[in-house]
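One structure below.
Throughout, residue positions are numbered sequentially from 1 according to the sequence presented.
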Amino acid sequence: MTVPPASPDPESYVVGIDFGTLSGRAVVVRVRDGEELGTAVHEYPHAVIEHRLPGTDGELPPDWALQHPADWREVLRTAVPAAVAAAGVDPARVIGIATDFTSCTVLPVRADGTALAEIPQWADRPHAWPKLWKHHAAQHQADRINALAHARGEKWIARYGGKVSAEWQYAKALQVLEEDPEVYAVCERWIEAADWIVWQLTGTESRNACTAGYKGLHQDGGYPSEDYLAALHPQFADFARTRLEHPLAPLGSRVGSLTAEAAAWTGLPQGIAVAAGNVDAHVAAPAARAVENGQLLAIMGTSTCHVVNGATLAEVPGICGVVENGIVTGSYGYEAGQSAVGDIFAWWLRQGLPAEYLAEAETYGEDAHQLLTRKAAGQPVGGHGLVALDWLNGNRCTLVDHDLSGVIVGLTLATRPEEVYRALLEATAFGTRVIVEALEGGGVPVTEYIVTGGLGKNALLMQIHADVLRRPVSLAVSEQGSALGSAIHAAVAAGAHADVRTASAAMGRVRQAAYRPDPQRADAYDRLYAEYRALHDRFATDGTLHRLRRIRNAALAAATGTAPTAPTDPSDATQPTDPSEAP
Ligand SMILES: Nc1ncnc2c1ncn2[C@@H]1O[C@H](COP(=O)(O)OP(=O)(O)O)[C@@H](O)[C@H]1O
Ligand SMILES: O=C(CO)[C@H](O)[C@H](O)COP(=O)(O)O
């Protein structure tokens, strides 16, 4: 007989930590009602390592994105004690801690969890470093993974929409093996940062069911077979058995206790519950009360992830993945996403706003996003004459191709910065509509659209989403959706709530239908969406963007004297790559 947990102590607390792309955020939450009492942020000093490794002169090739594990550990040392101090609670009343991470952010480690990047002997080898989710230099490996899976009729490939993303861990690990076999040889475990950070807290390895399912291709109780992996590369045969295999922990389960060392870092009591790791997107669902089948949660920030539960298993082309119990127990969890959203808007701001714009922002006390949003808000739909493709960081769904790039059509000498900004906001909404249509067309009902994440604060963007999707947009109340989601998992791991659904009802909050579609604007957006689709279908298939990528890679390689990143050429997709032979 299962004994229900006692009602939560009215004055006990949990800590949730969200490890994002640029910073880690900790929040202290009351378990009884989800009240957020204190929060703190630690910006990663090394941010995203895209050009050169710390302490070296060597240039990284294009499309690389690495991170520093020390930055992550520092979040435990700084943001957690700061959040507890801000909350003004007695740390002795904190009963559990949980973490979530960007994904697939993944790293090679020794058997005891030591990151290769932190071992002096390996620190100057780029492949020893953690690869951030948006490391896109393994597209060629992803193409081969996909072609071989289809050629062999691997059953699991349909669970990943028919294409595994270059962002997921097999493509990244295969790239290490092929480009730096010595690093691959000393890598004893290959681990998601989501599980590595939990290892730092508990002192023991654990693997969570969410990342193993979505990013580790773990389906129906196992990883891809040794036969399949050997056919990709003979030395890759034992990859899953030797470097991944470990019992999987369900979401919200307790995987260990806070060690004395981690207690000293965080200022929390030694021995409190530590929950299984989780992905920053999926973890947010209970915080936004988006745990019932059909409630699609868009986690909108640097990138956007879309997660939705379904009652049945559907294999939807172009969707990142479906995993049983992948978001909450008892449902099939679906994940889709766009590899850049806020990152696209940030890119446009970096291109240099005219001096008078910067002066105006200063006068009004606005940041550049707020300035361009205000200026764009008054425009009639279509008034800029522009349409853009949201592929500035490749396309994660539904084309699953990171060698695609952005397109803006309709520019004139009269086009103003706020008009391009608005076209980019709209492009991200059109990209979302493609995903929602794919889900529904593939048999996954979407009954409600809910937004969480940093972009929820942009009212124009939210209204554009409502109009483009012709659906009300509900908004999570918490500004720290993922960190609160982690705190909810911590409360379950500590035994304060029976399960994640119950904890969500007690601790999550959402403002229903915060934005409603306007029928006239929705009609106007239908016309623009038809143009977006036409452009989308053309550039997805006509090869222009791939050719441009190849020309860029060859030109950069010639200029720097390095081997070019292997091009995307599906015709040779099953062949192992010798980088020295890439044109
Ligand atoms: N007012 C705004 N409107 C649109 N985008 C914004 C605004 N403010 C910040 N951003 C973008 O939001 C992104 C950060 O989102 P956030 O949710 O805070 O982080 P993360 O996704 O890394 O967890 C950045 O790409 C930034 O450019
Ligand atoms: O793919 C993911 C989840 O599956 C990444 O975690 C995500 O795209 C990065 O998130 P963020 O935009 O919050 O930095």
Stepwise, does the side chain to side chain contact (heavy atoms under 4.5 Å, CB included) test hold for Asn395 with His402? CA-CA 5 Å; Asn395 179 294; His402 291 288; over 6 Å; no
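- Side-chain contact between Leu116 and Leu107 is absent, with no heavy-atom pair separated by less than 4.5 Å.
- In this structure, Thr502 contributes its side chain and His497 its backbone to no donor-acceptor pair below 3.5 Å.
- Under the 4.5 Å side-chain criterion, counting only non-hydrogen atoms from C-beta, Val308 is not in contact with Gln295.
- Residues Ile299 and Ser482 approach most closely at CG2-OG, 4.5 Å, considering heavy atoms.
- The pair Asp33-Arg30 meets the salt-bridge criterion, with a side-chain N (NZ, NE, NH1 or NH2) lying under 4.0 Å from an Asp/Glu carboxylate O.
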For a side chain to side chain contact (heavy atoms under 4.5 Å, CB included) check, start with the C-alpha distance between Gln67 and Lys131, then their side-chain angles and the critical distance, and finish with the verdict. CA-CA 7 Å; Gln67 283 203 319; Lys131 289 184 167 55; over 6 Å; no
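- For the residue pair Glu36 and Ser478, a side-chain donor N or O sits within less than 3.5 Å of a side-chain acceptor on the partner.
- Contact record, Val186 with Arg110: O-NH1, 2.8 Å, taken as the closest heavy-atom pair.
- Ring-centre distance between Tyr170 and Phe239: below the 6.0 Å cut-off.
- Taking the side chain as every heavy atom from C-beta outward, Tyr160 and Gln219 approach each other to under 4.5 Å.
- In terms of modelled atom types and a separation under 3.5 Å, the side chain of Asp195 and the main chain of Ile191 share no donor-acceptor contact.
- Classified by interplanar angle (parallel below 30°, tilted 30° to 60°, perpendicular above 60°), the ring pair Tyr228/Trp156 is perpendicular.
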Working for salt bridge (charged side-chain N to carboxylate O under 4.0 Å, His left out), residues Arg207 and Glu245: CA-CA 9 Å; Arg207 302 262 171 166; Glu245 198 69 62; over 6 Å; no
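- Here the options are Asp343, Val48, Thr102, the test is side chain to side chain contact (heavy atoms under 4.5 Å, CB included), and the partner is Thr302; only Asp343 passes.
- Two residues are said to be in side-chain contact when any heavy atoms from C-beta on lie closer than 4.5 Å; Glu188 and Pro108 fail this criterion.
- Put simply, the side chain of Arg289 gets close to the backbone of Gly508: a donor and an acceptor are under 3.5 Å apart.
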Chi angles and distances behind the salt bridge (charged side-chain N to carboxylate O under 4.0 Å, His left out) call for Lys215, Glu335: CA-CA 11 Å; Lys215 321 293 162 149; Glu335 178 188 353; 3.1 Å; yes
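- Under 3.5 Å, the side chains of Trp133 and Ser303 contain no donor-acceptor pair of N or O atoms.
- Aromatic ring centres of Tyr334 and His306: separated by at least 6.0 Å.
- Checked by atom type, the side-chain pair Asp227/Ser225 shows no donor-acceptor distance below 3.5 Å.
- Side-chain N/O atoms of Thr259 and Gln270 include no donor and acceptor closer than 3.5 Å.
- A salt bridge does not link Arg25 with Glu43: none of the charged nitrogens is closer than 4.0 Å to a carboxylate oxygen.
- Scanning both residues, Ala194 and Asn278, for their nearest heavy atoms gives CB-O, 3.7 Å.
- A side-chain donor-acceptor contact under 3.5 Å links Ser486 to the backbone of Asp100.
- Within 6.0 Å of the CD atom in Glu315, the count of heavy atoms belonging to other residues, nucleotides or ligands exceeds 12.
- Smallest separation of non-hydrogen atoms from Ala284 and Thr452: CB-CG2, 4.1 Å.
- Nearest approach of Gly337 to Cys320, heavy atoms of both residues: N-SG, 3.9 Å.
- At least one side-chain heavy atom of Leu37 sits less than 4.5 Å from a side-chain heavy atom of Val89.
- At a cut-off of 3.5 Å, with distance as the only test, a side-chain donor of His135 or Gln175 sits close to an acceptor on the other residue.
- Partner of Trp72 under the ring pair (Phe, Tyr, Trp, His ring centres under 6.0 Å) criterion, out of Trp265, Phe101, Phe19: Phe101 alone.
- Checked against Ile97 for a side chain to side chain contact (heavy atoms under 4.5 Å, CB included), the options Thr202, Ile17, Val198 give a single hit: Ile17.
- Rounding to the nearest 0.5 angstrom, the gap separating the CD1 atom in Ile272 from the OG atom in Ser12 is 11.0 Å.
- Across all non-hydrogen atoms, the minimal contact from Ala314 to Val444 is CB-CG2, 4.0 Å.
- Residues Gln141 and Glu179 meet the side-chain proximity criterion, which asks for heavy atoms closer than 4.5 Å.
- Distance CG/Leu439 to CD1/Ile319: 4.0 Å, rounded to 0.5 Å.
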Set out, in order, the CA-CA distance, both residues' side-chain angles and the distance that settles side chain to side chain contact (heavy atoms under 4.5 Å, CB included) for Tyr223 and Leu244, then state yes or no. CA-CA 9 Å; Tyr223 290 107; Leu244 301 181; 3.9 Å; yes
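- With 3.5 Å as the limit, one finds no donor-acceptor pair spanning the side chains of Ser23 and His42.
- Looking only at side-chain heavy atoms (C-beta outward), Tyr214 and Ile327 come within less than 4.5 Å of each other.
- The CD1 atom of Ile197 lies 13.0 Å from the CD atom of Glu192; values are rounded to the nearest 0.5 Å.
- Rounded to the nearest 0.5 angstrom, His140 NE2 and Ile145 CD1 are separated by 11.0 Å.
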Candidate pair Glu11 and Arg93, rule salt bridge (charged side-chain N to carboxylate O under 4.0 Å, His left out), full reasoning: CA-CA 7 Å; Glu11 286 314 319; Arg93 302 202 76 96; 5.8 Å; no
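- Between His127 and Trp122, the distance from one ring center to the other does not fall under 6.0 angstrom.
- Legend: residues meeting side chain to side chain contact (heavy atoms under 4.5 Å, CB included) with Pro250, ordered by chain and number and at least two apart, are Ser253.
- One side chain, Ser331 or Asn293, offers a donor N or O that lies under 3.5 Å from an acceptor on the other.
- Asn393 and His136 are linked by a side-chain donor-acceptor pair at a separation below 3.5 angstrom, with hydrogens and angles left out of the test.
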The test is side chain to side chain contact (heavy atoms under 4.5 Å, CB included); show your working for Thr329 and Leu251 and say whether it passes. CA-CA 8 Å; Thr329 305; Leu251 299 179; over 6 Å; no
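- In this structure, the side chain of His246 does not engage the main chain of Asn208 through any donor-acceptor pair within 3.5 Å.
- The CG atom of Leu229 sits 9.0 Å away from the CG atom of Asp238 when rounded to the nearest 0.5 Å.
- Remark: side-chain polar atoms of Lys134 are not paired, donor with acceptor, to backbone N or O of Thr21 under 3.5 angstrom.
- A side chain to side chain contact (heavy atoms under 4.5 Å, CB included) with Arg396 is found for exactly one of Glu167, Gln338, Lys163, namely Glu167.
- Between His489 and Val283 there is a side-chain heavy-atom pair separated by less than 4.5 Å.
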